[in-house]
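Everything below concerns the one structure shown next.
Values reported hereafter were calculated over all heavy atoms of this structure, with side chains retained and with hydrogens, waters and symmetry mates removed. Being a predicted model, the structure only gives us computed values, none of them experimental.
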Amino acid sequence: QVQLVESGGGLVQAGGSLRLSCAASGSISSINAMGWYRQAPGKQRELVAAITSVVSTKYADSVKGRFTISRDNAKKTAYLEMTSLKPEDTGVYYCNLLRAGREYWGQGTQVTVSS
């Protein structure tokens with residue numbers, strides 16, 4: 001069973017920075033991709049960033065230039081570096097892992113950006 005443990009969320013002022021971490025554990029020999037999604041109250045979940053390798057990343061238009069996704073393959077951990085945070089970045093951020101055609105989700109971590 002694969003488990004994803006997220007951390008790093010919290011309350012931050014606009015313009016501030018946060019780093020989210022997602023550690024994967026369990027029986028896993030390879031990871032095809034990892035990503036971050038977020039969901040604001042009353043809105044659908046949206047893809048924020050995804051990574052398949054160091055040179056293969058994608059970002060939502062709203063976070064390009066501000067967020068950076070990375071992955072440590074040895075530690076099976078994904079990171080989301082968030083800078084220049086805006087109030088509209090507020091939401092629950094979920095870690096996602098794709099392996100062998102199956103998706104796994106973390107429990108989510110709350111990010112609140114105040115103005």
Side-chain angles (χ1 to χ4, degrees):
Q1 186 176 80
V2 176
Q3 290 183 309
L4 303 176
V5 180
E6 299 155 333
S7 62
L11 175 64
V12 64
Q13 294 181 335
S17 302
L18 285 173
R19 185 180 75 168
L20 305 184
S21 299
C22 173
S25 63
S27 181
I28 180 170
S29 60
S30 64
I31 300 173
N32 294 334
M34 296 188 74
W36 289 93
Y37 290 71
R38 69 185 177 192
Q39 186 169 25
K43 302 194 68 175
Q44 65 184 46
R45 189 177 301 179
E46 65 173 344
L47 174 67
V48 176
I51 184 169
T52 57
S53 69
V54 175
V55 295
S56 181
T57 60
K58 65 185 301 182
Y59 297 91
D61 289 340
S62 61
V63 307
K64 286 182 178 178
R66 299 189 297 118
F67 291 10
T68 301
I69 187 170
S70 61
R71 187 175 75 184
D72 186 325
N73 291 333
K75 296 181 178 180
K76 294 182 172 59
T77 301
Y79 305 93
L80 185 67
E81 301 279 356
M82 304 184 294
T83 63
S84 300
L85 284 162
K86 305 175 181 179
E88 53 261 44
D89 294 319
T90 294
V92 179
Y93 284 68
Y94 298 90
C95 180
N96 170 264
L97 183 152
L98 176 63
R99 173 185 174 273
R102 291 194 62 183
E103 286 188 310
Y104 302 87
W105 295 91
Q107 77 286 351
T109 184
Q110 176 70 44
V111 172
T112 302
V113 184
S114 64
S115 59

Distance, nearest 0.5 Å, that separates SG of Cys22 from CG of Leu80: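 Interatomic distance, Cys22 SG to Leu80 CG, rounded to 0.5 Å: 10.5 Å.
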Once you round to the nearest 0.5 Å, how far does CD of Gln13 lie from OG of Ser115?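 It comes to 9.5 Å.
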Holding to side chain to side chain contact (heavy atoms under 4.5 Å, CB included), I want the full list of residues that pass it with [X], two or more places apart in sequence or in another chain.
X     : result
Ala33 : Thr52, Leu98
Ser17 : Thr83
Thr68 : Tyr59, Glu81

Test of understanding: with salt bridge (charged side-chain N to carboxylate O under 4.0 Å, His left out), list the residues that count as partners of [X], not counting sequence neighbours.
X     : result
Lys43 : none
Glu46 : Arg38
Arg45 : none

Would you mind reporting whether Val12 and Met82 have side-chain heavy atoms less than 4.5 Å apart?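 No, side chains not in contact.
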Are more than 12 heavy atoms from other residues, nucleotides or ligands located less than 6.0 Å from atom CD of Glu88?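 Atom CD in Glu88 is packed in, count exceeds 12.
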Work out which heavy atom in [X] is nearest to a heavy atom in [Y]; give both atom names and the distance.
X      : Y      : result
Thr109 : Glu6   : N-OE1, 3.7 Å
Leu97  : Ala24  : CD1-CB, 3.8 Å
Leu4   : Gln107 : O-OE1, 3.3 Å
Met34  : Cys95  : CE-SG, 3.8 Å

Apply side chain to side chain donor-acceptor pair (under 3.5 Å) to Asp72 and list each qualifying residue two or more places apart in sequence or on a separate chain.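 By the side chain to side chain donor-acceptor pair (under 3.5 Å) rule, Asp72 matches no residue at all.
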Pairs in or reaching into [range]: which pass ring pair (Phe, Tyr, Trp, His ring centres under 6.0 Å), with residues at least two apart or in two chains?
range           : answer
residues 13-36  : none
residues 61-86  : none
residues 83-115 : Tyr37-Trp105

Begin with the C-alpha distance, continue with both residues' side-chain angles, and end with the deciding distance and a verdict on salt bridge (Lys or Arg N to Asp or Glu O under 4.0 Å) for Lys64 and Asp61. CA-CA 5 Å; Lys64 286 182 178 178; Asp61 289 340; 3.1 Å; yes
Per the salt bridge (charged side-chain N to carboxylate O under 4.0 Å, His left out) rule, what does the pair list look like for residues 98-111, sequence neighbours excluded?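 Qualifying pairs: none.
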By the rule that ILVMFWY residues connect when side-chain heavy atoms come within less than 4.5 angstrom, directly or transitively, which residues belong alongside Leu11?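 Reading the cluster by chain and number, Leu11 sits alone, since nothing else belongs.
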